[in-house]
Structures are given as C-alpha cells and as structure tokens.
Amino acid sequence: FDSLRLRNLTEAPGDLLGEPKKPEEMTYAELGRYVDALERSGGDGRKLRVVRELKIAVPVTCVIIAFFAAPLVLVSPRATGAFGIAISLATTLLFLLSVQLSQAIGSAGVLPPPYAAWAPNVLFGIAGLVLLLRAPT
C-alpha cells in the first residue's frame, strides 16, 4: 500500500466524505484550502477567490466609508447638516454598489480577484483622503 499512495492527494478520507461549509462560513485559510482543492480537481475557483479576498477587503470598507463620509457632512458652512448627511449616504450607497459590481467583474474573470476586491477601496480611499485633507476644520 505504500507504493500505491499518491503524494499529491493531501485530503484525508474524512475530508472527502464530509459536507463542505458554505464559503461565507469558512475562515480565510479554510477558504484558501478549499479553493486550492477545487482547482486541483479541475473546478473553477475564480468566484471563491474573490470571496476570499473580500473577507479582508470588506472590513476595510468601514474605514473607507468613514474617511469618505466625514468630510462630506461638513460640505459647506451655509448648508444644513441634513444635506451633508444625505450626500454621505448617497456616496456610501454608490461605494457599496461599486463593491458588488467589482465582485461580479472579478467572478467573471475580467479582473484578477485581488484587484476586483480592492479596487473600490483604493479608489474611494484616495478620494476620501483628498476630501479629508480639504475639509474645513
């Protein structure tokens, strides 16, 4: 039996029989191992690679939204606070829409998964930092 053992087969018998978790339930490392096993067996793991990258990129979106929305609340001394909050909410919705759009583009294979997951964060992060630096204090 030692000579018939395949060294490339790293999964245990229990791993092959077990019901896999949903990608949303897996940790970053578990999802990486799952995608690698899926691609070794001939499957397409593009969508799951984007989901894996989003596990880190989505928490960063909270910081990006804060950088972007805080200066917009202080739009103009003459404008009311409600106007600034409305602009902040609108840009937040635009940002979240761009995150979903880039996820779809990455799943289709147009962009590599890291670029698809991080492109909205980078674009809105730069715009947020510019707005933050130009905000009236």
Side-chain angles (χ1 to χ4, degrees):
F1 287 109
D2 291 336
S3 63
L4 296 177
R5 184 172 183 185
L6 298 174
R7 302 216 186 273
N8 293 337
L9 184 63
T10 58
E11 290 84 11
D15 295 338
L16 298 173
L17 293 176
E19 187 71 26
K21 295 181 193 175
K22 294 179 182 178
E24 296 83 22
E25 297 171 349
M26 293 182 190
T27 64
Y28 185 80
E30 287 174 337
L31 192 55
R33 287 191 298 270
Y34 180 70
V35 170
D36 291 340
L38 180 67
E39 288 177 346
R40 275 196 316 266
S41 67
D44 185 19
R46 278 184 292 194
K47 182 178 180 182
L48 293 176
R49 287 204 180 274
V50 174
V51 170
R52 181 177 181 227
E53 291 296 326
L54 284 172
K55 287 199 173 281
I56 295 176
V58 167
V60 175
T61 61
C62 298
V63 176
I64 301 296
I65 289 172
F67 275 148
F68 201 83
L72 289 176
V73 171
L74 307 169
V75 174
S76 169
R78 293 184 209 165
T80 63
F83 180 71
I85 291 173
I87 291 175
S88 297
L89 288 174
T91 55
T92 299
L93 288 175
L94 183 68
F95 175 59
L96 294 175
L97 178 69
S98 68
V99 168
Q100 292 298 318
L101 182 65
S102 70
Q103 180 181 3
I105 290 172
S107 296
V110 176
L111 282 176
Y115 294 154
W118 288 96
N121 284 353
V122 170
L123 293 175
F124 277 82
I126 290 170
L129 286 175
V130 168
L131 285 173
L132 193 62
L133 292 174
R134 296 181 62 189
T137 55

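Counting begins at 1 with the first residue of the sequence.
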Is there a chain of hydrophobic side chains (I, L, V, M, F, W, Y, each step under 4.5 Å between heavy atoms) that links I87 to I65?
-> yes

Atom NZ of residue position K55 - does it have more than 12 heavy atoms of other residues, nucleotides or ligands inside 6.0 Å?
yes

Residues G106 and V50: closest non-hydrogen pair is C-CG2, 3.6 Å

Does S107 reach the main-chain N or O of A104 with its side chain, forming a donor-acceptor pair under 3.5 Å? no

Interatomic distance, CG@L129 vs CZ@R134, rounded to 0.5 Å, equals 13.5 Å

In terms of side-chain geometry, is the basic nitrogen of D44 or R49 positioned less than 4.0 Å from the acidic oxygen of its partner?
no

Does a side-chain heavy-atom distance below 4.5 Å link E39 with Y34? no

Rounded to the nearest 0.5 angstrom, the CG-CG distance for L101 and L96 is 12.5 Å

Value for CD1 (I64) from OG1 (T92), rounded to nearest 0.5 Å, stands at 11.5 Å

Please answer: with hydrophobic residues joined when any side-chain heavy atoms are less than 4.5 Å apart, are V99 and L94 in the same cluster? yes

For V35 and G45 the tightest heavy-atom approach is CG1-O, 4.1 Å

### Single-linkage hydrophobic cluster, 4.5 Å side-chain cutoff, L38 and Y28 together
no

Taken to the nearest 0.5 Å, the spacing of L131 CG from F67 CZ works out to 12.0 Å

Check whether N121 reaches the backbone of A57 with its side chain - one donor and one acceptor, N or O, closer than 3.5 Å.
yes

Between P120 and A116, the two heavy atoms sitting closest are CD-O, 3.8 Å

Here the gap from F95 atom CZ to Q100 atom CD, rounded to the nearest 0.5 Å, amounts to 11.0 Å

E30 and M26 have their tightest heavy-atom pair at OE1-CA, 3.4 Å

Notebook entry, point to check: Looking at side-chain heavy atoms only, is the closest gap between T61 and F124 below 4.5 Å?
Noted result: no

All heavy atoms of E53 vs all of A117, minimum pair found to be CB-CB, 3.5 Å

Here the gap from R46 atom CZ to L111 atom CG, rounded to the nearest 0.5 Å, amounts to 12.0 Å

